[in-house]
2 protein chains.
Amino acid sequence: MAERLGVSPSTISRALQNHPSIGKKRTAEVHKLAKKLGYYPNSVASNLRRNRTNLIGVIIPRIDRYFQSSAIAGIEEVASKAGYYVIIFQSNNSYEREKENARMLLSSQADGVIACLAMETDNYDHLAVFKDNNVPLVFFDRVCDEIETHKVIIDDFGAAMKATEHLISIGCKRIAHIAGNQKVAIFRDRLRGYQEALRKHQLEQSEKLIYYTEDLSRMEGEQAVAHFLESDAALDGIFCSNDTSAISAIQTITKQGKKVPEDIAVVGFSNTPTSLIVSPALTTIDDHAFEMGQAAARLLIRQIDEKQETVASETITIRNDLVVRESTMKIQSN
Amino acid sequence: MAERLGVSPSTISRALQNHPSIGKKRTAEVHKLAKKLGYYPNSVASNLRRNRTNLIGVIIPRIDRYFQSSAIAGIEEVASKAGYYVIIFQSNNSYEREKENARMLLSSQADGVIACLAMETDNYDHLAVFKDNNVPLVFFDRVCDEIETHKVIIDDFGAAMKATEHLISIGCKRIAHIAGNQKVAIFRDRLRGYQEALRKHQLEQSEKLIYYTEDLSRMEGEQAVAHFLESDAALDGIFCSNDTSAISAIQTITKQGKKVPEDIAVVGFSNTPTSLIVSPALTTIDDHAFEMGQAAARLLIRQIDEKQETVASETITIRNDLVVRESTMKIQSN
DNA sequence: TTGTATGCGTTATCAC
DNA sequence: GTGATAACGCATACAA
């Protein structure tokens with residue numbers, strides 16, 4: 001420690017954090033010496049003493065998915081501005097990993113946690129623990145009803161309905177759906193939204209028009225289309241629960257000699273950059289991942305700062321927009 | 001602390017980490033109580049005492065770029081298997097942010113640092129500090145010669161040459177290049193590789209065939225193509241320093257009524273998933289971002305574990321592959 | 001305005 | 001095998 005200035009450690013400590021009770025001259029002096037000596041405060045010790053780490057833990061399935069990394073970018077932007085670090089734990093959609101992550105996070109004394117649930121997860125005790133230890137917790141996107149805490153979501157039901165109604169509005173009569181893993185609430189909601197739109201407009205509903213996938217992969221998009229085309233479904237529109245499967249669907253349809261959107265119109269979900277690259281460009285729902293991250297971080301930081309036990313759980317619904325592109329731009333037939 | 005078992009803290013501590021000198025019965029007992037009490041070790045205190053955090057700091061430009069998030073995924077995979085956490089700092093390509101990040105990282109007592117330099121950075125003192133403090137440092141992708149430390153790179157020069165020679169091999173005679181920011185070494189190397197290929201095969205070189213961009217964005221790809229087509233360049237091939245600009249180039253060329261690859265063949269760089277989505281699919285260099293991350297993490301962890309000051313700096317060159325797709329598949333004209 | 005003393009929760013060292 | 005003790009580096013209550 002830099003006490004070769006002839007002052008006590010406490011003075012140094014106070015000067016370094018610009019404590020008002022220290023003379024300006026002293027303060028400046030100390031800062032200069034610190035720089036010269038290449039002194040960097042040991043935040044581990046500081047954290048221990050203050051019982052605060054300025055660390056926000058994030059538990060997410062995978063960092064190398066566009067939606068997730070955008071959300072993290074949003075979290076990071078808000079967090080770093082507020083003086084927080086972000087530490088990321090990937091669950092790889094595994095329940096065990098997620099449990100392990102939570103354990104580590106609790107040990108690291110993070111000031112708060114933001115989580116997007118793994119696909120597998122259907123027991124939430126490992127996350128309830130945060131509440132028990134008074135660590136603020138915010139869910140985003142893939143939330144669960146079992147834990148009462150703060151949440152940031154979009155209206156998946158409404159968005160899916162909007163997407164499907166858009167297909168209806170351009171004249172589609174037999175609309176199929178490529179559905180995500182039904183263990184996950186958002187994908188259930190999207191399916192429900194699709195169904196509700198059909199019901200409302202009195203279009204045919206049939207299980208033959210729904211293809212259930214494991215994780216909406218490229219390959220599954222291909223399989224879905226193959227399945228639909230082989231069947232007697234005679235579909236003229238598809239609403240897909242994500243962009244990956246939608247893009248794969250477009251490519252497969254085209255490869256089969258059919259035209260998008262003339263023969264079959266396609267709508268995706270998330271507005272990833274890829275939706276601009278596929279030809280025809282993909283109509284999709286913009287779910288504003290970055291904003292979700294921002295909102296989650298803001299909500300969390302507010303909890304941390306207020307640290308009253310009394311704050312009611314808040315659910316923020318982020319706006320979503322239908323972005324119309326070529327994959328649904330056809331001359332209306334009637 | 002859980003000493004209501006009637007034993008001392010040290011026994012607890014030892015039992016918790018399965019120290020061999022503790023009776024099996026005791027150990028089991030302690031573990032059970034810990035679970036019942038919902039006890040989580042405070043790793044901040046542990047870190048302070050052990051003078052070790054098991055934290056790996058990563059400084060990168062932006063997390064929401066495919067190359068970066070893949071590399072991070074690779075880092076994370078290796079790190080978490082070895083018992084390390086990964087904490088991410090984004091520089092947003094800003095030198096000032098990067099400096100700030102380094103400062104914070106040093107304070108957080110990270111055991112090691114992996115960095116990919118910001119575009120702006122041309123002074124490296126803020127990173128040299130790690131060496132001064134005996135914190136192992138590994139650069140990847142965007143490295144610098146000024147600091148002697150461990151590095152993970154690809155052979156950008158060779159890869160660019162390979163890409164360009166591929167264009168030559170399919171009969172292209174007037175090959176243009178969309179170049180990245182020349183402040184960054186990898187983009188300079190790719191330009192040099194392109195030039196060397198032309199030289200070797202005695203094709204015309206001209207500044208008119210090179211378009212310099214700021215950050216190889218979509219828009220710049222468009223502008224580059226517009227520029228080339230307006231000029232009297234009469235090009236029949238383009239080597240682009242990344243996939244984004246290449247894809248944008250393909251789309252612009254197509255929009256202008258020319259055909260890819262028949263009129264103009266296109267090669268990109270990085271093999272992002274988007275190269276499969278554009279039509280025609282993009283020929284590109286696979287730079288194995290995930291593997292780069294893995295290699296960087298492995299190299300770093302080895303440094304941390306050995307912690308001998310004597311380890312010579314090592315530079316690992318990751319393989320790269322030309323992935324040939326439709327954007328260069330034309331019937332050879334001669 | 002500054003110094004002194006104490007403790008944050010853990011673990012390494014030494015003694016038993 | 002187990003317990004007592006000190007120390008990691010910093011921040012604060014209190015005294016001066």
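Letters A, B, ... are given to chains in the order of the sequence lines, protein chains preceding strands, and every chain is numbered from 1. A quick note: this is a predicted structure, and the numbers were derived from the prediction, not measured.
With DNA chain C read from its 5' end, the first of the two nearest nucleotides for A:Gly23 and B:Arg50 is the one closest to A:Gly23. Nearer the 5' end of DNA chain D, as judged by each residue's closest nucleotide, is the contact made by B:Ile22, out of A:Pro41 and B:Ile22.
In this structure, B:Asn42 places its CG atom 9 Å from P of C:dT11, rounding to the nearest Å. What separates NE2 of B:His19 from C1' of C:dA12 is a distance of 10 Å, to the nearest Å. Whole-Å rounding puts the A:Asn54 CG to D:dA11 P distance at 12 Å. Straight-line distance from the CG atom of A:Asn51 to the P atom of D:dT12: 11 Å, rounded to whole Å. The distance between atom CG of A:Asn47 and atom C1' of D:dA11, rounded to the nearest whole Å, is 12 Å. Straight-line distance from the CZ atom of B:Arg52 to the C1' atom of C:dT10: 16 Å, rounded to whole Å.
Listed by first then second residue, pairs satisfying side-chain hydrogen bond (donor to acceptor under 3.5 Å, both in side chains) with a partner in residues 122-133 of chain B read B:Glu98-B:His126, not counting sequence neighbours.
Rounding to the nearest 0.5 Å places CD1 of A:Ile153 at 10.0 Å from CD1 of A:Ile316. Atom-to-atom distance recorded for A:His31:NE2 and A:Lys36:NZ is 15.5 Å, nearest 0.5 angstrom.
For the ring pair (Phe, Tyr, Trp, His ring centres under 6.0 Å) test, residues two or more places apart in sequence or in another chain that qualify with B:Tyr85 are A:Phe89. When the salt bridge (Lys or Arg N to Asp or Glu O under 4.0 Å) test is applied to A:Arg319, the partners found at least two apart in sequence or on another chain are A:Glu291, A:Asp321. For A:Arg65, the side chain to side chain contact (heavy atoms under 4.5 Å, CB included) test picks out A:Arg62, A:Gln68, with sequence neighbours left out.
Judged by distance alone, the side chain of A:Asn93 and the main-chain N or O of A:Pro61 form no donor-acceptor pair under 3.5 Å. In this structure, the side chain of B:Ser94 engages the main chain of B:Glu96 through a donor-acceptor pair within 3.5 Å.
The shortest distance between the side-chain N/O atoms of B:Ser13 and the OP1/OP2 oxygens of C:dT11 is below 4.0 Å. B:Tyr39 has a side-chain polar atom (N or O) that falls below the 4.0 Å cut-off from OP1 or OP2 of C:dT10. Contact check, A:Tyr40 against D:dG9: no side-chain N or O comes under 4.0 Å of OP1 or OP2.
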Quick test: give all pairs of protein nitrogen or oxygen and nucleotides 3-6 of chain D nitrogen or oxygen below 3.5 Å, distance rounded to 0.1 Å.
{"from": "D:dG3", "atom 1": "OP2", "to": "B:Ser8", "atom 2": "N", "distance (Å)": "3.2"}
{"from": "D:dG3", "atom 1": "OP2", "to": "B:Ser8", "atom 2": "OG", "distance (Å)": "3.4"}
{"from": "D:dG3", "atom 1": "OP2", "to": "B:Thr11", "atom 2": "OG1", "distance (Å)": "2.1"}
{"from": "D:dG3", "atom 1": "N7", "to": "B:Arg14", "atom 2": "NH2", "distance (Å)": "2.6"}
{"from": "D:dG3", "atom 1": "O6", "to": "B:Arg14", "atom 2": "NH1", "distance (Å)": "3.2"}
{"from": "D:dG3", "atom 1": "O6", "to": "B:Arg14", "atom 2": "NH2", "distance (Å)": "2.9"}
{"from": "D:dA4", "atom 1": "N7", "to": "B:Ser10", "atom 2": "OG", "distance (Å)": "3.3"}
{"from": "D:dA4", "atom 1": "N6", "to": "B:Ser10", "atom 2": "OG", "distance (Å)": "3.3"}

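Counting only N and O atoms by type, the side chains of A:Asn51 and A:Arg49 include no donor and acceptor under 3.5 Å apart.
Using a 4.0 Å heavy-atom distance criterion, A:Ser21 is classed as a base contact.
Computed from C1' positions of five pairs at each end, the angle between the two local axes of the helix from C:dT1-D:dA16 to C:dC16-D:dG1 equals 40°, rounded to 10 degrees.
Distances from the side chain of B:Gln17 to the nucleotides D:dT2, D:dC10, C:dT11 place C:dT11 closest. The side chain of B:Leu48 approaches D:dC8 more closely than any other nucleotide in the set D:dC8, D:dT12, C:dT10.
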